[in-house]
Amino acid sequence: MTPTIPELYSTIQSLGIIFLIISLVLFYFAVRVGRGLIAMFVNRRPVTRDIDLAKHPVPETVYRLAHQLEALDMQLIGVLHSRFWLLGEGYTWIYLHPDGTVYAELTDILNGLAAFDTWYTDNAHIHTSLRIGENIQLPNLHMRFAAHSLEAAYTYHRDQMNRFEAAHGSPVQIQHMSDILAFGKPFHERYRDRMNQRHKRLASINFGICVVLGMDFLILAVQSMSDPPVLATAFGLGFHAVLWAGSVGLGLYVERQLKSPPGAIDG
């Protein structure tokens with residue numbers, strides 16, 4: 001049975017409510033992404049302090065990574081609490097190699113992430129992480145990551161230390177948590193903004209997708225819930241289809257770049 005005009009209008013207006021809900025969800029995500037984007041552009045230094053390891057032991061969720069670090073002769077020496085402007089707080093467990101030239105950072109973000117760090121007296125820095133990271137190769141800053149193997153990341157890190165020694169001398173000998181905390185300032189002033197450049201670009205794309213789609217669905221909601229509803233033309237349907245397809249494509253690109261960034265040392 002063919003629906004009557006009032007029934008058709010009622011169906012379209014009900015669809016408008018769905019469009020409105022989708023629009024609000026997209027604006028919610030825009031606010032969340034925008035908050036992180038603002039934090040990266042303003043680039044305030046996080047407030048970090050050494051806290052009691054007994055009160056914040058390594059969580060069970062990252063035991064596997066912790067055991068892998070211990071197998072590399074890294075020894076747990078403490079935990080740091082960091083508070084990031086607009087982004088909340090987090091904990092980083094610190095492991096130190098007996099020779100004092102390499103320390104490791106272990107976090108419970110994304111089910112566990114780890115990284116190796118070495119500093120030099122001229123504030124040159126080597127940072128090699130596991131699973132995700134950056135591909136930055138500058139005279140005073142070397143950041144790479146291994147996609148699969150913590151041991152591969154450690155071996156690569158040691159190789160880069162040998163290369164850096166010719167230009168920067170011997171690495172700084174780390175002995176205490178206070179030594180590691182002292183490098184927070186040069187890292188923030190010299191390298192954090194450079195490290196965040198790729199994430200700024202990806203976050204900007206995500207923010208744009210959320211805002212544009214949010215506005216598009218809001219317009220659709222208003223048109224659908226008007227009395228009588230504004231019906232889309234063939235051109236309008238084509239425009240929305242292209243807009244949504246392009247946004248999905250960009251969204252998948254961003255997701256792939258975040259979860260599997262290019263430049264892994266182990267492929």
Side-chain angles (χ1 to χ4, degrees), residues 53 56-80 82 90-120 124-168 170-174 177 179-180 183-184 187 191-192 194-199 201-202 252-267:
L53 181 58
H56 294 276
V58 175
E60 294 183 6
T61 54
V62 293
Y63 273 180
R64 182 182 62 85
L65 276 177
H67 293 325
Q68 291 180 24
L69 287 171
E70 291 166 0
L72 295 172
D73 294 328
M74 307 296 291
Q75 301 170 0
L76 179 63
I77 64 169
V79 57
L80 299 175
S82 299
Y91 296 92
T92 305
W93 290 268
I94 302 297
Y95 289 75
L96 182 64
H97 192 273
D99 68 8
T101 62
V102 181
Y103 67 90
E105 304 170 88
L106 175 65
T107 72
D108 56 358
I109 299 173
L110 299 177
N111 297 319
L113 297 175
F116 300 102
D117 295 274
T118 295
W119 285 89
Y120 295 80
H125 181 47
I126 303 174
H127 177 88
T128 312
S129 55
L130 176 68
R131 287 179 50 205
I132 59 175
E134 301 303 316
N135 184 2
I136 301 172
Q137 300 174 57
L138 301 173
N140 293 326
L141 176 65
H142 193 96
M143 287 188 167
R144 294 292 301 275
F145 71 99
H148 309 290
S149 169
L150 185 67
E151 184 176 358
Y154 180 71
T155 300
Y156 180 87
H157 188 90
R158 285 287 185 181
D159 289 342
Q160 295 310 305
M161 288 173 61
N162 293 333
R163 188 176 67 83
F164 260 48
E165 188 169 353
H168 304 286
S170 298
V172 172
Q173 297 283 324
I174 302 292
M177 290 291 289
D179 299 329
I180 296 170
F183 285 113
F187 178 80
Y191 305 130
R192 183 175 294 279
R194 175 63 182 85
M195 185 186 72
N196 284 337
Q197 284 184 10
R198 187 175 68 92
H199 287 277
R201 183 178 69 256
L202 297 176
L252 291 174
Y253 164 77
V254 170
E255 182 180 13
R256 185 169 61 252
Q257 289 288 310
L258 290 174
K259 291 186 176 180
S260 302
I265 60 178
D266 54 357

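Counting from 1, the numbers follow the sequence of the chain as shown. Computed from heavy atoms alone, side chains included, the values below leave out hydrogens, waters and symmetry copies. Quick caveat: nothing in here was measured; it's all calculated off a predicted structure.
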With D99 via side chain to side chain contact (heavy atoms under 4.5 Å, CB included) - residues at least two apart | H97, T101, R158
Tell me, please, which residues at least two apart from I132 pass side chain to side chain contact (heavy atoms under 4.5 Å, CB included).
-> L110, L113, P261
Are any side-chain N or O atoms of R198 and backbone N or O atoms of N135, one a donor and one an acceptor, separated by less than 3.5 Å?
-> no
Are the side chain of D179 and the backbone of I174 linked by a donor-acceptor contact shorter than 3.5 Å?
-> no
T118 OG1 to H157 NE2 distance, which is reported to the nearest 0.5 Å = 2.5 Å
In this structure, OH of Y103 is separated from CH2 of W119 (nearest 0.5 Å) by 6.5 Å
Residues two or more places apart in sequence or in another chain: which of them pass side chain to side chain contact (heavy atoms under 4.5 Å, CB included) with T155?
-> E151, D159
With E134 as reference, evaluate R194, H199, Q197, R144 under the side chain to side chain contact (heavy atoms under 4.5 Å, CB included) test and give the passing residue.
-> H199
Side chains of residues 56-75: which donor-acceptor pairs under 3.5 Å do they make with residues two or more places apart or in other chains?
none

When rounded to the nearest 0.5 Å, the distance separating CG of D117 from CD1 of I180 is 8.5 Å
Mind listing the side-chain donor-acceptor pairs of residues 160-168 below 3.5 Å, one per line with the distance, residues two or more places apart or on another chain?
residue, atom, partner, partner atom, Å
Q160, OE1, R163, NE, 2.8
Q160, OE1, R163, NH2, 3.2
R163, NH2, H142, ND1, 3.2
H168, ND1, D122, OD2, 2.6
H168, NE2, P139, O, 2.9

Could you give the distance from CZ (R131) to OG (S149), rounded to the nearest 0.5 Å?
-> 13.5 Å
In terms of heavy-atom contacts, Y191 and N140 come closest through OH-O, 3.2 Å
Going from CG on L138 to NE2 on H125, what distance comes out if it is rounded to the nearest 0.5 angstrom?
-> 12.0 Å
Say you draw a straight line from CD1 of I126 to OH of Y120; how long is it, rounded to the nearest 0.5 Å?
-> 3.5 Å
Side chain to side chain contact (heavy atoms under 4.5 Å, CB included) against S129, all qualifying residues, sequence neighbours excluded | A115, H127, F145
Find out whether S260 and E255 are in side-chain contact, i.e. whether some heavy atom of one side chain is under 4.5 Å from a heavy atom of the other.
-> no
